[in-house]
2 protein chains.
Amino acid sequence: MLLAADTTRLAIEAKLFRGFGDPSRLAILSALCQEPLTVGAIVGLTGLSQPNVSNHLSCLRECGLVAAEQQGRFVTYRLSDDRVAELITLAEGLLADIALGVYECTRYRVPGDAQTE
Amino acid sequence: MLLAADTTRLAIEAKLFRGFGDPSRLAILSALCQEPLTVGAIVGLTGLSQPNVSNHLSCLRECGLVAAEQQGRFVTYRLSDDRVAELITLAEGLLADIALGVYECTRYRVPGDAQTE
DNA sequence: TCATCATATCAGCATATGCTGATATGATGA
DNA sequence: TCATCATATCAGCATATGCTGATATGATGA
């Protein structure tokens, strides 16, 4: 059995991964891999609504994945650590090799359809 | 704006991250970082219910994060790629430095409580 | 052949999550 | 001081997700 301490650690680490585990948030993080950006710039790049972007940014900032800096009326966000970009790069490499499997996950699964494998 | 191809790629990659983004699944993956395990062994190690473990394993297998091998009545699961373990290790390192932030995320947020920061 | 065992699957549920439209906040320049 | 602009926050909703208890599946040894 796992110790309680491990359970807590795993819960926190899962939360960290979940920061990356949404298409909108991952789009934001990917954009920030290039350069720091204002909220407006992220809205423009991703095509997400402004409240949606702000919500995700709050979430990402609380989890420590991004950092914010206010500059006048603008707020510029950047990745808080190089390892955030590294995680994305590593996942992309992994994905390249197992892409077929994940792609299958994205298909609609008709119940009774033996399309698996 | 993001191209449609990027949107698809991000959606698939987010799905990959989501495989890690649940405490139960991460506990399973962490256990498999040590050695391949049968479903029963995973149930014993994690304390999760057997149906729950089987469900998560199906999910992880579909996404290509783990591979299964039937041996008699037993099914042994293992990580499908070394990078799965690498991602977990990298995230743990990152977590060590931003732990405070993520920890804050785990607290109950009383509405109106200005506990942030 | 049949009881047993390991695993997979299922329906149903409670809860978490992501989004939208509306609005609040707070900084700026006139 | 006030209109404007960038961003944050909010309520409400539709949907996704994770779990449980029950049951199905399929392999094994007697």
Side-chain angles (χ1 to χ4, degrees), chain A residues 7 10-11 14-15 17-29 36-63 66-77 105-106 108-114 116-117, chain B residues 7 10-11 14-15 17-29 36-63 66-77 105-117:
Chain A
T7 302
L10 286 170
K15 217 171 249 287
F17 275 116
R18 193 161 285 219
F20 299 85
D22 172 80
S24 301
R25 282 195 297 273
L26 193 58
I28 292 171
L29 291 172
L37 295 166
T38 63
V39 176
I42 295 171
V43 168
L45 280 170
T46 60
L48 300 170
S49 73
Q50 179 270 316
N52 196 8
V53 168
S54 279
N55 267 327
H56 284 305
L57 283 170
S58 306
C59 165
L60 291 169
R61 184 166 59 160
E62 276 184 10
C63 281
V66 306
E69 187 184 356
Q70 181 132 15
Q71 295 171 326
R73 275 176 294 192
F74 297 80
V75 179
T76 300
Y77 284 84
C105 290
T106 67
Y108 286 99
R109 244 358 186 323
V110 184
D113 181 345
T116 315
E117 217 84 356
Chain B
T7 301
L10 286 169
K15 217 173 248 288
F17 275 116
R18 194 161 285 219
F20 299 85
D22 173 81
S24 301
R25 282 195 298 273
L26 193 58
I28 292 171
L29 291 172
L37 295 166
T38 64
V39 176
I42 295 170
V43 168
L45 280 170
T46 60
L48 301 171
S49 73
Q50 179 269 317
N52 196 7
V53 168
S54 279
N55 266 328
H56 283 305
L57 283 170
S58 305
C59 165
L60 291 170
R61 184 165 58 161
E62 276 183 12
C63 282
V66 306
E69 187 185 357
Q70 180 131 15
Q71 295 170 325
R73 276 176 293 191
F74 297 79
V75 179
T76 300
Y77 284 84
C105 290
T106 67
R107 296 197 182 174
Y108 286 98
R109 241 0 183 323
V110 183
D113 181 344
Q115 183 172 301
T116 315
E117 218 84 354

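Protein chains get the first letters and strands the later ones, always in sequence-line order, with residue 1 at the start of each. Source: prediction; values computed, not measured. The analysis underlying the following values was restricted to heavy atoms, covering all of them including side chains, and did not include hydrogens, waters or symmetry mates.
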Locate the shortest heavy-atom distance separating [X] from [Y]; write the atom from each residue and the value.
X	Y	result
A:Pro23	B:Ala14	N-CB, 3.5 Å
B:Leu29	B:Phe20	CD1-CD2, 3.7 Å
B:Asn52	B:Ser24	ND2-OG, 4.4 Å

[atom1] of [X] versus [atom2] of [N]: gap in Å, rounded?
X	N	atom1	atom2	answer
B:Leu57	C:dT7	CG	P	10 Å
B:Gln70	D:dG26	CD	C1'	8 Å
A:Leu48	D:dA8	CG	P	14 Å
A:Glu69	D:dT7	CD	C1'	15 Å
B:Phe74	D:dG29	CZ	P	11 Å
A:Asn55	C:dT17	CG	P	13 Å
B:Glu62	D:dT17	CD	P	12 Å
B:Ile42	C:dA6	CD1	P	15 Å

Just checking, any donor-acceptor pair under 3.5 angstrom between side chains of A:Ser58 and A:Glu62?
no
Return the nearest nucleotide to the side chain of [X]; candidates are [options].
X	options	answer
B:Asn52	D:dT4, D:dT7, D:dC19	D:dC19
A:His56	C:dA8, C:dT28, C:dG18	C:dG18
A:Gln50	D:dT7, D:dA27, D:dA22	D:dT7
B:Arg18	D:dT17, D:dT20, D:dT28	D:dT17
A:Arg73	D:dA6, D:dT7, C:dA8	D:dA6

Quick one: does any side-chain atom of [X] pair with a main-chain N or O of [Y] as donor and acceptor, under 3.5 Å?
X	Y	result
B:Arg25	B:Arg18	yes
A:Gln71	A:Arg73	no
A:Arg61	A:Val66	no

Short side-chain N/O contact from [X] to OP1 or OP2 of [N], under 4.0 Å:
X	N	result
B:Tyr77	C:dA8	yes
A:Thr38	D:dA6	no
A:Ser58	D:dA8	no
B:Ser49	D:dT20	yes

I need the residues from residues 19-28 of chain B with at least one non-hydrogen atom less than 4.0 Å from DNA chain C; give them sorted by number, or say none.
none
Hey, are the side chains of A:Val39 and A:Leu57 touching, using non-hydrogen atoms and a 4.5 Å cut-off?
yes
Mind checking whether A:Val53 and A:Thr46 have side chains closer than 4.5 Å, heavy atoms only?
yes
Audit row: A:Thr76, A:Leu37, side-chain contact (heavy atoms from CB on, under 4.5 Å) steps and yes/no
CA-CA 5 Å; A:Thr76 300; A:Leu37 295 166; 5.9 Å; no
Dot-bracket pairing map - DNA chain C, Watson-Crick plus G-U, both contacts under 3.5 Å, | cross-strand:
||||||||||||||||||||||||||||||
